[in-house]
Amino acid sequence: MAKSKNKLSYISVPSQIIHSLSSSSLQNLLVSPKKCSRPGNRLLAAARNPRLLLFLLCFFAFLWTLKLGFRLDHLLPFSPIPCSPRDQEAVAFPAPRVTQVYSLLPTWSAGGGGEDGEEDDFWKQPDGMGYRPCLDFSSEYKAATEVIKKDRRKYLMVVVSGGLNQQRNQIVDAVVIARILGAALVVPILQVNVIWGDESEFSDIFDLEHFKQALVDDVRVVSSLPSTHLMTRPVEEKRTPLHVSARWIRSRYLRRLNKEGVLLLRGLDSRLSKDLSPDLQKLRCKVAFHALRFSAPIQELGNRFAVRIRSKGPYIALHLRMEKDVWVRTGCLPGLSHEHDEIIHEERKRRPELLTGRSNMTYHERKVAGLCPLNAVEVTRLLKALGAPRNARIYWAGGDPFGGAAALQPLVKEFPFLYNKYNLSLPGELEPFTNRSSLLAAIDYIVSENSDVFMPSHGGNMGHTIQVASASEILIALHHFAAAFASSTGHLKSLVVLMQGHRAYAGHKKFITPNKRQMLQYFLDTSLPESEFNRIIKGLHQGSLGQPEIRTDKIGRDVTAYPVPECMCNRTRMR
């Protein structure tokens, strides 16, 4: 692979400076000049002036030389935008008001990535072992569908809460519960999020007609209750226990539903068991990976961002959990400085209810147990040890990090090509999504799902840690606490689980699960040479790169995170 002597890097610029720029000046970074001129007129003028003609010829020859030697097409962070009337209109949009702590602008710098072989290894995808999606429902399931589709007496209403990914999980379970009860599902109601004030409805986020059509052979989905049931007082359930079985659902609700006609459920998060019959597990996958498609405006913009960042090569998506509330609630410290740690410590003392009272683990004990998010220094060292090239494009999905630009500086220093949805967008593109956290989270999801490599800084190891740690009671308490405050810690809290399953279902695209419990001791050992550190870290992650994992080996794992074997078959089984 030929290497360029010059690399494109980025410099960190305070958000106050970025916000002071007008939308037209931001557009000038991407499109210059703003107005299209007629090349024919320029050539005619040049032909009348021999000196000007000679100058232009020399100038274009010089540009062509630079193009060949220095790849001028890399000056822009994504593909150049053609000058057109539509582009000129885009300049008039006001720049969206955002809360990111810094932005990135292109500049030249020397430097290079790792060896070509190391780069190739990093982008190499895991062996999927021939597993492909196969949702082959049983004949009994198909026969029952005909009866369910004809039933006009029973209706299930659900109110789902939390951020986007909590909502998705609850909608998946709502469809399964409707199937268990043989009831029609009224389009789920999305509870207004009190944290972000997002009033988005189902059809704002998801493609409603596709949702109905995709599930036509499973449950009947209706937009609203029929007139015959409008005056019915629904059976309301607010306290469904955790991890209930299909049998429990039937025995608890079916008789009352047959009598009243309408059942209303709230707070479905983690209420339905992760271990259901094969047909119901397949239905879960069908809802998560087929039926829940984002609405057209979201899908189009997310795909557009993915194309822009990929135009210069493969890219990594990082789910960084470095927000202030995450440090407070997890009982962990950001490690930026003594002052920052004290702020988190004092916040936790003022609001002890934010941290579970059932655990008396110290920060060090949590860190050693792998329960703390990785900070920017640790994420950077992990990526470098795994062979990520310096010129790798990185898409950052997550909230504003506590500590601002300083919190991300170690990552930017080693991997200067850092993007998020704000610095990938043109003026006006994010305007329709302002103050719509679920829609913005959906854009993050699409760009992350399209990435060549995905890595979370937190969340991937918690379930694994519970099973291997001796202090299981404490850790289980932490796990349940994490689920309880998921909706208030950020709209991307459960993106890790969904992304893991989605990437597996798409053919086991590379997914790096940081082995936090095992690797921490080596991060703390300053005597280790870098080459030895890298060798150890690579060895610890050989089985954590998105290879197929059989869900039945780990009872209680969600099939939408581990779709093998219920939702995916290898070639032998398919034959």
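None of the values given here were measured: they were computed from a predicted structure.
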(request) Quick one: pull up CG in D204 and CG in L190 and give me the separation to the nearest 0.5 Å. (result) 8.5 Å

(request) For the residue pair K212 and S223, establish whether any side-chain heavy-atom pair is separated by less than 4.5 Å. (result) yes

(request) Kindly indicate whether the side chain of L225, heavy atoms from C-beta on, has any atom under 4.5 Å from the side chain of V262. (result) yes

(request) Write down the atom of V379, the atom of L318, and the distance for their closest heavy-atom approach. (result) CG1-CD1, 3.9 Å

(message) Please report the interatomic distance CG(L254) to CZ(R256), rounded to the nearest 0.5 Å.
(response) 11.0 Å

(request) Please determine if R436 and E199 form a salt bridge, counting it only when a charged side-chain N lies under 4.0 Å from a carboxylate O. (result) no

(message) Strictly distance-based, threshold 3.5 Å: is any side-chain N or O of H229 a donor or acceptor partner for the main-chain N or O of R153?
(response) yes

(request) Might you point out which heavy atoms bring G501 and P563 nearest each other, and give the distance in Å? (result) O-CG, 4.2 Å

(request) Please tell me if the side chains of Q167 and S438 come closer than 4.5 Å, counting only heavy atoms from C-beta onward. (result) yes

(request) Indicate the atoms forming the closest heavy-atom contact of R551 with P565, along with that distance. (result) N-CD, 4.1 Å

(message) Using modelled atom types and a 3.5 Å cut-off, is there a donor and acceptor pairing between side-chain atoms of S457 and backbone atoms of R321?
(response) yes

(message) Show, in sequence, the C-alpha distance, side-chain angles and deciding distance for M519 and L374, and conclude whether the side-chain contact (heavy atoms from CB on, under 4.5 Å) test is met.
(response) CA-CA 11 Å; M519 71 184 186; L374 299 177; 3.7 Å; yes

(request) Answer yes or no: is there a side-chain heavy-atom contact under 4.5 Å between D151 and V147? (result) no

(request) Report yes if some heavy atom in the side chain of V287 is under 4.5 Å from a heavy atom in the side chain of D173; otherwise report no. (result) no

(message) Tell me if a side-chain donor or acceptor on Q547 pairs with a main-chain N or O of L545 at a distance below 3.5 Å.
(response) yes

(message) Under the criterion side-chain contact (heavy atoms from CB on, under 4.5 Å), I'd like the reasoning laid out for L156 against I177: C-alpha separation, chi angles, the key distance, then a yes or no.
(response) CA-CA 8 Å; L156 173 65; I177 292 173; 4.0 Å; yes

(request) Indicate yes or no: does K282 engage D279 in a salt bridge with an N to O separation below 4.0 Å. (result) no

(message) Around atom CD of Q213, are there more than 12 heavy atoms from other residues, nucleotides or ligands closer than 6.0 Å?
(response) no

(message) Rounded to the nearest 0.5 Å, what separates atom CZ in R250 from atom OG in S245?
(response) 8.5 Å

(request) Test F433 against I443 for side-chain contact (heavy atoms from CB on, under 4.5 Å), laying out the working first. (result) CA-CA 10 Å; F433 307 99; I443 294 171; 4.2 Å; yes

(request) Might you confirm whether atom CZ of R247 has over 12 heavy atoms from other residues, nucleotides or ligands at distances under 6.0 Å? (result) no

(request) Ignoring hydrogens and angles, state whether a donor on the side chain of D341 or Y363 is under 3.5 Å from an acceptor on the partner side chain. (result) no

(request) Give a yes or no on whether the backbone of G261 and the side-chain of N258 come within a donor-acceptor separation of less than 3.5 Å. (result) no

(message) Could you check whether E549 pairs with R557 (Lys NZ or Arg NE/NH1/NH2 to Asp/Glu carboxylate O, under 4.0 Å)?
(response) yes

(request) List the steps and the verdict of side-chain contact (heavy atoms from CB on, under 4.5 Å) for V222 and V187. (result) CA-CA 6 Å; V222 297; V187 172; over 6 Å; no

(message) Given 3.5 Å as the limit, does a donor-acceptor pair link the side chain of R503 with the main chain of S451, or not?
(response) yes

(message) If you count heavy atoms of other groups shown closer than 6.0 angstrom to CD of E236, is the number above 12?
(response) yes

(message) Within the structure provided, determine whether V172 and V175 are in side-chain contact (heavy-atom separation under 4.5 Å).
(response) no

(message) With a 4.0 Å cut-off on N to O distance, would you call R179 and D218 a salt bridge?
(response) no

(message) Nearest 0.5 Å, please: how far is OG in S161 from CD in Q166?
(response) 8.0 Å

(message) Ring centres under 6.0 Å, that's the criterion: do W248 and Y253 meet it?
(response) yes

(request) Would you confirm whether S138, through its side chain, and Y141, through its main-chain N or O, come within 3.5 Å as a donor-acceptor pair? (result) yes

(request) Please name the pair of heavy atoms, one in T434 and one in E431, separated by the smallest distance, quoted to 0.1 Å. (result) OG1-O, 3.0 Å

(request) Could you tell me whether a side-chain N or O of K286 sits under 3.5 Å from a main-chain N or O of A291, the two making a donor and an acceptor? (result) no

(message) Is any side-chain heavy atom of H290 closer than 4.5 Å to one of L135?
(response) yes

(request) Show your working on salt bridge (Lys or Arg N to Asp or Glu O under 4.0 Å) between D452 and K509 and close with a plain yes or no. (result) CA-CA 7 Å; D452 298 89; K509 295 164 67 177; over 6 Å; no

(message) Nearest 0.5 Å, please: how far is NE2 in H541 from CD in Q518?
(response) 10.0 Å

(request) To the nearest 0.5 angstrom, please state how far the CG atom of N169 sits from the OG1 atom of T560. (result) 6.0 Å

(request) Would you check if the distance from the ring center of H502 to the ring center of Y445 is below 6.0 Å? (result) yes

(request) Take Y315 and N450 through the test side chain to side chain donor-acceptor pair (under 3.5 Å) and record every step on the way to the result. (result) CA-CA 9 Å; Y315 69 95; N450 278 285; 5.3 Å; no

(message) Salt bridge check, R284 against E566: does any charged N sit closer than 4.0 Å to a carboxylate O?
(response) no

(request) Please name the pair of heavy atoms, one in M455 and one in I512, separated by the smallest distance, quoted to 0.1 Å. (result) CG-O, 3.5 Å

(message) Under a 4.0 Å threshold between the charged nitrogen and the carboxylate oxygen, would E378 count as salt-bridged to K367?
(response) yes

(message) Between the side chains of D217 and K142, is the shortest nitrogen-to-carboxylate-oxygen separation below 4.0 Å, so that they form an ion pair?
(response) no

(message) Tell me yes or no: SG of C567 and SG of C285, less than 2.5 Å apart?
(response) yes

(message) When you measure from the side chain of Q281 to the backbone of K274, do you find a donor-acceptor pair of N or O atoms at a distance under 3.5 Å?
(response) yes

(request) Can you see which heavy atom on Q170 is nearest to which on V160, and at what distance? (result) OE1-CA, 3.3 Å

(message) Applying ring pair (Phe, Tyr, Trp, His ring centres under 6.0 Å) to F511 and F454, what does each step give before you reach the verdict?
(response) CA-CA 5 Å; F511 183 104; F454 179 85; 5.4 Å; yes

(request) Taking E260 for its side chain and P234 for its backbone only, find out whether a donor-acceptor pair lies under 3.5 Å. (result) no

(message) Donor-acceptor check, side chain of T330 to backbone of C372, threshold 3.5 angstrom: yes or no?
(response) no

(message) Counting the benzene-type ring for Trp, do F289 and Y505 have ring centres under 6.0 Å apart?
(response) yes

(message) Within the structure provided, determine whether L215 and F211 are in side-chain contact (heavy-atom separation under 4.5 Å).
(response) yes

